[in-house]
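Counting starts at 1 for both ligands and their atoms, following the listed order. As the structure is a computational prediction, the values presented were derived from the model and not from experiment.
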Amino acid sequence: MADLIYLDHAATTPLSQHALEAMMPYLTKEFGNPSSVYLPGRKARNALDGARETIAAVFGAHPDEIYFTSGGTESDNWAIRSAGCFSGTRNNLVVSAAEHHAVLHPAEAMHKNGCGLTVLGMDRFCRVSAAELRKAVGEETALVSIMAANNEVGTVMPVAELAETAHEAGALFHTDAVQAAGHIPLDVERLGVDMLSFSAHKFGGPKGVGGLYLRRSVRAGPGQLGGGQERGLRSGTENVAGVVGMAAALEESCRTLNENSVKISKLRSRLIRGILEIPGTVLTGDPEQRLPGSASFLFDGISGEALVLLLDQNGICASSGSACSAGALEPSHVLLAMGYSEDAARGSLRLSLGAENTEAEIDTVLKILPGIISRLRSE
Ligand SMILES: *Cc1c(COP(=O)(O)O)cnc(C)c1O
């Protein structure tokens, strides 16, 4: 069989060689616990400190504002749970309907426990507007959480404007930047966010490690209790190799960001142009304000799940929505909130590109896809 064509970078990315090499010593001979006082412990501690500085520099933050976690899901849960209901009279949480379940589910859990919850709608392009947010926030709002970029349709949100609107109402602002980090420039000062979640495996790092940026002035409760690591806020022996790999991958993807986003968005445009020639097809998400690698579509009269299976038989890895809800036959909550019908939303396909994709791969997809679509439509 020919090589696989991997077009699901929004689900996870291949580990970069640079990250792997940075990790290797900490998976082998440098095994010390960063909390130990002897030499191997100090070496591990230095590696963590270095990674924290690298990551802080990328986001324009101070190193002591970066907390390491087990990934995007944990960071989102921590942000929502800790800051959602902590400030006295403010007992309301505002999230967008476009959020990942790692934000929506903890928000719903808090709501069950008595916290107010407002879920903001989006427009057809999956954009949350500052005007809509302004109507939803008030003196009862503790926290607003709106993602930097959507994982299903790639829309990039106007985070700076949204954060400013939240602040005008005296609320804190968290952004789930798991899809955005390493793919578009993110600076916590320019964006004005108080909390920002990121995850290594979405930008060429290893799985199971991520982080939360927590502005110094924000007094969030601990994400996890125990031995007091991460300045008492996130206990647990640090994933030293994972953190080192994450820092190397983030530094690399930011160093190559301009060059890669030009290359990737060119491939993405070629893919979109070709796919829109198939009758009964629409592009979902914002045509302009979208992640460089993201292409997402609805095809009339077919099931996205069936389409993904047939693409797999042809060696093409794609997704019909978020990886977490793939397998569940529920139509995407994001597409529904964008105003598409359940029927329309079932025909969704997400292709997300990375720097290792080639024009030849795109052309192979464009050759194979029309036949698969007509075959599914004639069934
Ligand atoms: C992947 C993803 C997550 C979850 O991150 P994990 O590190 O896989 O737990 C959260 N939010 C968004 C937008 C994502 O794309």
Side-chain angles (χ1 to χ4, degrees), residues 7-15 19 55 66-81 95-108 122 126-128 145-157 159 162 174-184 186 191 193 195-213 223-224 234 236 239 242-243 245-247 249-250 253 284-286 289-296 317-327 332-335 337-338 348 350-354:
L7 296 177
D8 202 13
H9 293 77
T12 196
T13 56
L15 183 67
I55 291 169
I66 302 294
Y67 294 84
F68 297 129
T69 67
S70 64
T73 300
E74 184 190 331
S75 298
D76 284 347
N77 270 263
W78 183 10
I80 296 294
R81 287 176 188 280
V95 303
S96 87
E99 297 307 303
H100 192 276
H101 286 138
V103 165
L104 287 177
H105 289 170
E108 285 157 9
M122 311 88 73
C126 194
R127 271 184 313 224
V128 176
S145 180
I146 299 172
M147 64 205 326
N150 181 264
N151 49 301
E152 294 187 31
V153 298
T155 299
V156 175
M157 304 285 187
V159 172
L162 295 166
H174 164 252
T175 191
D176 172 347
V178 174
Q179 283 296 324
H183 300 277
I184 56 172
L186 292 175
L191 295 173
V193 298
M195 287 179 268
L196 178 148
S197 304
F198 53 96
S199 176
H201 76 103
K202 303 288 176 77
F203 53 75
K207 291 168 187 60
V209 61
L212 183 68
Y213 156 78
Q224 201 157 278
R234 200 283 185 178
N239 178 356
V243 164
M246 171 163 69
L250 187 63
S253 41
T284 56
D286 197 301
Q289 298 300 317
R290 65 189 302 140
L291 292 170
S294 164
S296 53
C317 306
S319 155
S320 85
S322 70
C324 326
S325 47
S332 145
H333 68 281
V334 177
L335 293 169
M338 287 163 68
S348 74
R350 175 186 74 187
L351 300 170
S352 43
L353 284 62

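- In terms of polar-atom proximity, G72 is counted as a contact of ligand 1, with an N or O under 3.5 Å from an N or O of the ligand.
- In terms of protein heavy atoms, atom 9 (O) of ligand 1 is closest to T73 OG1, 2.6 Å.
- Neither the backbone nor the side chain of N150 has any atom closer than 4.0 Å to an atom of ligand 1 (non-hydrogen atoms only).
- Taking all heavy atoms of E99, H100, E152 into account, the minimum distance to atom 3 (C) of ligand 1 is reached by H100.
- Residue S199 places at least one N or O, backbone or side chain, under 3.5 Å from an N or O of ligand 1.
- For E152 (side chain) and R350 (main-chain N/O), no donor-acceptor pair under 3.5 Å exists by modelled atom type.
- Residue-ligand proximity: H201 is placed with a non-hydrogen atom under 4.0 Å from ligand 1.
- Under a 3.5 Å cut-off, the side chain of T175 and the backbone N or O of I146 do form a donor-acceptor pair.
- Close approach to V178 involves these atoms of ligand 1, each under 4.0 Å from a residue heavy atom: 1 (C), 2 (C), 3 (C), 10 (C), 11 (N), 12 (C), 14 (C), 15 (O).
- Between the CZ atom in R127 and the CG atom in D286 there is a gap of 4.5 Å [rounded to 0.5 Å].
- Numbered from 1 in the order shown, with element, the atoms of ligand 1 that lie under 4.0 Å from a heavy atom of K202 read 1 (C), 2 (C), 3 (C), 14 (C), 15 (O).
- Here is the list of ligand 1 atoms found below 4.0 Å of a heavy atom in D76: 10 (C), 11 (N).
- Between the side chain of Q179 and the backbone N or O of A10, at least one donor-acceptor pair lies under 3.5 Å.
- When atom types are taken as modelled, the side chain of S70 and the backbone of V209 share no donor-acceptor pair closer than 3.5 angstrom.
- The atoms of ligand 1 that sit less than 4.0 Å from any heavy atom of G71 are 7 (O).
- With rounding to the nearest 0.5 angstrom, the NE2 atom of H201 is 13.0 Å from the NE2 atom of H9.
- With a 4.0 Å heavy-atom cut-off, ligand 1 is reached by the side chain of M147 but not by its N, CA, C or O.
- In this structure, atom 11 (N) of ligand 1 lies nearest to the protein heavy atom D176 OD2, 2.7 Å.
- Of the possible donor and acceptor atoms, one in the side chain of S296 sits under 3.5 Å from a partner among the backbone N and O of T284.
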- [ ] Determine, stepwise, if the pair S197 / H174 fulfils side-chain hydrogen bond (donor to acceptor under 3.5 Å, both in side chains).
- [x] CA-CA 8 Å; S197 304; H174 164 252; 2.7 Å; yes
